[in-house]
Peer 1: 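I'd like to ask you about the structure that follows.
Order of the sequence lines fixes the chain letters, A, B, ..., with proteins taken first and strands second; residue numbering starts at 1 for each chain.
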Amino acid sequence: MKQGDHLFLVDGSGYIFRAYHALPPLTRKSDGLPVGAAAGFCNMLWKLMQDARNTDVGDAPTHFAVIFDYSSKTFRNELYPEYKANRSAPPEDLIPQFGLIRHATRAFDLPCVEMEGFEADDLIATYARLASEAGAETTIISSDKDLMQLVTPQVSLYDPMKDKEIKVPEVIEKWGVPPEKMIDLQALMGDSVDNIPGVPGIGQKTAAQLLAEYGDLDTLLSRAHEIKQNKRRESLIEHREKALMSRELVRLKQDVPITEGLETFTLQPPNGPKLISFLKAMEFTTLTRRVAEITDCDASAIEAAHVPVQWGKEARGPDLDPGTASATSTPVAADASSHNGVTHYTPAALASARASAAAGAPFDTSAYVVIHDLATLNAWIGEAREAGVIAFNTKSNSADPMQAELAGFAIATRPGRAAYVPLGHKSGDTDMFGGGLRDGQIPARDALAALKPLLEDSSVLKISQNLKHDFVVMNRHVIDIRAFDDTQLLSYVLDAGTHSHSFEALAERWLGHQVIAAKDIYGSGKSSRSFDMVEIAQAAAYAAEDADVTLRLWRVLRPRLVEDGLVNVYERLERPLVPALAQMEQRGISIDRQILSRISGELAQGAAALEEEIQVLAGEKFNVGSPKQLGEILFGKLNLPGGSKTKTGQWATSAQILEDLAAEGHELPRKIVDWRQLTKLKSTYTDALPGFINPETGRVHTSYALAATTTGRLSSSDPNLQNIPVRTAEGRRIRAAFIPEPGNVLISADYSQIELRVLAHVAEIPQLRQAFSDGVDIHAMTASEMFGVPVEGMPGEVRRRAKAINFGIIYGISAFGLANQLSIPREEASAYIRKYFERFPGIKDYMESTKAFAREHGYVETIFGRRAHYPEIRASNPSIRAFNERAAINAPIQGSAADIIRRAMVRMEEALAKAGLDQTRMLLQVHDELIFEAPESEAEAAIPIIRSVMEGAAMPAVAMKVPLHVDARAARNWDEAH
DNA sequence: AGGTTGACATA
DNA sequence: GTATGTCAACCTT
């Protein structure tokens, strides 16, 4: 290698993961072999080589190699065993592709380099150094920040996905430091992905600022005492060693003992037949055709190569067949067949075709239409009827659909074809009368009248992201949306646990598209504004893009539902809940302001009195609400025993610790616990709830999230009505402030022990099943089985322990957790668990088989087929893995119970109506409890209907081997009904 | 003004 | 030991 030469080094391993995560995961060969990442890799490599060959002589590569990681274990693990320890095992469908990609590299006639004990990055660093010493230039194909330290005037990075070159100025722009300081920067900021500790509290910005001021890490550490900011200074001094070790972890090794010299990297002219043979075997038809064209080969005359596939976990390294193409052909089954010009796809093929078509397809904001007149709107409505689908979303002046005034709505009829209809945008003029309506908007009443028949037409599918919101907004305009899909729910059913279901995340993941940031439209902080104050052109771009993206997402996600066999879960468990919840949210519940206000006053008095006593006992005034100050007083000033630290080094002052201190006779901790209880009740409930009373309805309307939990539970917010106090007498006074309208009652109906019943069903435990059938006290039965104590006259403590164990089982028990819960030694907890498993071996079996299932598939299933994914279940870090195992054990139990109550909710409305109880209304759900409001005259008849719907909710899909039991009662407030 | 932490309310 | 959401304090920007 000599001056003027140009070395291209591809970071193959980095690219594999990027291609895998950036591309739709469904690309498979006709025999089912996943090849998405390999396809991305081949496309990238081909494009790269074409582009490179077509550039000026000086820039074109003369030498070319692809570098891989050999394995996850390197010399860095000896330096720091935790290095990259939180990495989970590669996804199952990626594993065979490690080998494929190495075969692909050889098919391209390119050197494929890897070395045991070193990362690809180290090899790249070494080759880049050698090339620079020879006077040649180097381009590294990667955008990994770990490689930025190598950038010099002779060495640059190139990101093929973003088509962006990274040279010295780009590094400075992005990181705030020149490349040679990247190592110090990374040492300070650490890296959670690679588990590099860095210095706590110091992020990228602070690190760059410190390096700019002190020059380098060594100087900074030696002069750390000069730093003004307390926290920063102490952190730097305390974590000095961590920083130095981190630096060694991120520093790339430039002297790897390489076996292949640069001369072996000389770029060869393309070998068309060899490459085509491989591409044909992979069924990459488009690329095959392209390569055939450019290399002037007849692809049909070339036989597909035989490519050996390795599925094992260690499908990497030099054990892979280094030879190329032997000429056995791979049988090709058609995924798509054509009849009479219509293409018929299998579900998998359609899903994969849609995903590839959507990924990276361009967006053209300027093509979006702003609709100013009714005629145009009607034309679009006609288009939607013809298409049979329409993406639809409302825009309003408030995030709360119960207060929202419509600003406009967006629609899309096919990818790229989207429009915004402004209705209520106001001008920014801020005279004393407020801004008036802007020009060029259809009167809302006329637009809605035109839209109503379309939204209510069950032959046109309406699609939205979080449709419940639009449903409520439209309902308030007396429009009842019929026939709909919700992209967020689709994503949730398909991928709960794997990634976020937010609009932005889905657009990025499936369309490779960054949507206009909400912040750019709404502003933030003081300068934030509601949507009706946004200029129409800007609003239109944002809202129409929303509809366009939603429609494209639906085209990708809906076929996946069929492919994964989740149509039933979506259509029975998820989608019908949207109108049910929308109704509940719209109804809201009454609370008694006076009661809350009175309690609030009393709480304030109680807290003030306690606060004074606390400060006397402490001997000084301090902020009782500050755990930090409290910790100093208790364990510093008063020197109480039993202090422990939280992960950030503060004194821990949890209720448990304070209770322990109180039990030893200390007065102060007890008072703190009491004070906290009073102030918590005051701030979160008595003071906050009245603020949620809707001025129009006079009621409180919570918002339920359908797609927030991994297990299938709902969540409630603004306000959260699923955590209204119940355990203490003080707390129950708040619950008593939830009241019915005059002449009505509240009915509370809750499942008894539903999760334990689900456990008894899925694990088929004979004693548990018998006990539930006989209706005996389940915890007492457990205690009796375990400790041989008769149920009659059983001491409370014995039953309490058995109860804790039963709950522990549901939570994926650990000795540590049980010991904490019961305040007993870990050995004792261990013995209890052992005993339990002896008495109920079926439970142990259930737990083990659930773990095995999760490890194999990456997800677990409820009895109705809902999936919860745990991608980190194979993490090499034992505590991360154990956490995922417990969650995976819990999910089918918690999730099946959640599914049961969902089914009950879906059926409730109709069952009540059928019984003629049209005034009985379902208002709230609290995981295993439903709250209704009913006229006094209906309550007695409603209770048996409610009970039978709830108790029969699993049928007919699942015949529970254990009966479900529901307790229900009516009363004048929620506390008495519960 | 925004993000993180510790604490605590529920099932 | 599971699953959530909200608040006040605190730190940084």
Peer 1: Give one of base, sugar-phosphate or nothing for A/Q821, where a contact means two heavy atoms less than 4.0 Å apart.
Peer 2: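 The answer is base, as A/Q821 lies within the cut-off (heavy atoms under 4.0 Å) of a base atom.
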Peer 1: One pair to check against side-chain hydrogen bond (donor to acceptor under 3.5 Å, both in side chains): A/S752 and A/H965. What are the steps and the verdict?
Peer 2: CA-CA 6 Å; A/S752 154; A/H965 180 84; 5.6 Å; no
Peer 1: Within the structure shown, what part of the strands sits under 4.0 Å from A/S717 by heavy-atom distance: base, sugar-phosphate, or nothing?
Peer 2: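 Sugar-phosphate contact only.
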Peer 1: Does one side chain, of A/T711 or A/Q894, offer a donor that lies under 3.5 Å from an acceptor on the other?
Peer 2: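 The criterion, which ignores hydrogens and geometry beyond distance, is satisfied for A/Q894 and A/T711.
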Peer 1: Please give me the minimum heavy-atom distance between A/G606 and A/L678, naming the atom from each residue.
Peer 2: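 Smallest interatomic distance, heavy atoms only, reads C-CD1, 3.6 Å.
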Peer 1: Tell me, please, which residues at least two apart from A/W651 pass ring pair (Phe, Tyr, Trp, His ring centres under 6.0 Å).
Peer 2: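 Only A/F635 meet the ring pair (Phe, Tyr, Trp, His ring centres under 6.0 Å) criterion with A/W651.
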Peer 1: What's the verdict on salt bridge (charged side-chain N to carboxylate O under 4.0 Å, His left out) for A/R969 and A/E976, showing C-alpha distance, side-chain angles and the deciding distance?
Peer 2: CA-CA 9 Å; A/R969 89 171 71 127; A/E976 288 173 20; over 6 Å; no
Peer 1: Are A/Y836 and A/Y832 an aromatic pair by the rule of ring centers under 6.0 Å?
Peer 2: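 No, ring centres 6.0 Å or more apart.
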Peer 1: Would you call A/L581 and A/L714 a side-chain contact if the rule is heavy atoms closer than 4.5 Å?
Peer 2: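 Side chain of A/L581 against side chain of A/L714, heavy atoms only: contact under 4.5 Å found.
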Peer 1: Side-chain contact test, heavy atoms from C-beta onward, threshold under 4.5 Å: evaluate it for A/E929 versus A/H978 and give yes or no.
Peer 2: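 They are in contact (side-chain heavy atoms under 4.5 Å apart), so the answer is yes.
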Peer 1: Once you apply a heavy-atom cut-off of 4.0 Å, does A/T710 come out as touching a base, just sugar-phosphate, or nothing?
Peer 2: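 Sugar-phosphate, backbone atoms only, no base.
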Peer 1: Is there side-chain contact between A/E885 and A/I873, with heavy atoms separated by less than 4.5 Å?
Peer 2: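 In contact.
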Peer 1: What is the 5' to 3' range of DNA chain C, first to last nucleotide, that sits under 4.0 Å from any heavy atom of chain A?
Peer 2: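 Result: C/dG1 to C/dT13.
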Peer 1: Look for any protein N or O under 3.5 Å of an N or O in nucleotides 7-11 of chain B and output each such pair with its distance, or none.
Peer 2:
residue : atom : partner : partner atom : Å
B/dA7   : OP1  : A/T653  : N            : 2.7
B/dA7   : OP1  : A/T653  : OG1          : 2.6
B/dA7   : O3'  : A/R676  : NH1          : 3.1
B/dC8   : OP1  : A/R676  : NH1          : 3.1
B/dC8   : OP2  : A/A655  : N            : 3.0
B/dC8   : O2   : A/K680  : NZ           : 3.2
B/dA9   : N3   : A/N723  : ND2          : 3.0
B/dT10  : OP1  : A/V726  : N            : 2.6
B/dT10  : OP1  : A/R727  : N            : 2.8
B/dT10  : OP2  : A/R727  : NH1          : 2.1
B/dA11  : O3'  : A/D928  : N            : 3.4
B/dA11  : O3'  : A/D928  : OD1          : 2.9
B/dA11  : O3'  : A/D928  : OD2          : 3.2
B/dA11  : N3   : A/R713  : NH1          : 2.9
B/dA11  : N3   : A/R713  : NH2          : 3.4

Peer 1: With a 4.0 Å cut-off on heavy atoms, is A/F883 in touch with a base, just the backbone sugar-phosphate, or nothing at all?
Peer 2: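 It contacts sugar-phosphate atoms only.
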Peer 1: Regarding A/I810, tell me which of base, sugar-phosphate or nothing describes its non-hydrogen contacts under 4.0 Å with the strands shown.
Peer 2: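 It contacts nothing in the nucleic acid.
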Peer 1: Could you check whether A/A868 gets within reach of a base, just the sugar-phosphate, or nothing at all, counting any heavy atom under 4.0 Å?
Peer 2: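 Counting heavy atoms under 4.0 Å across all strands, no contact is made by A/A868.
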Peer 1: Base, sugar-phosphate or nothing for A/G812? Non-hydrogen atoms, less than 4.0 Å.
Peer 2: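 Nothing: the residue A/G812, judged by heavy atoms under 4.0 Å, touches no strand.
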Peer 1: Could you check whether A/A708 gets within reach of a base, just the sugar-phosphate, or nothing at all, counting any heavy atom under 4.0 Å?
Peer 2: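 Result for A/A708 = sugar-phosphate.
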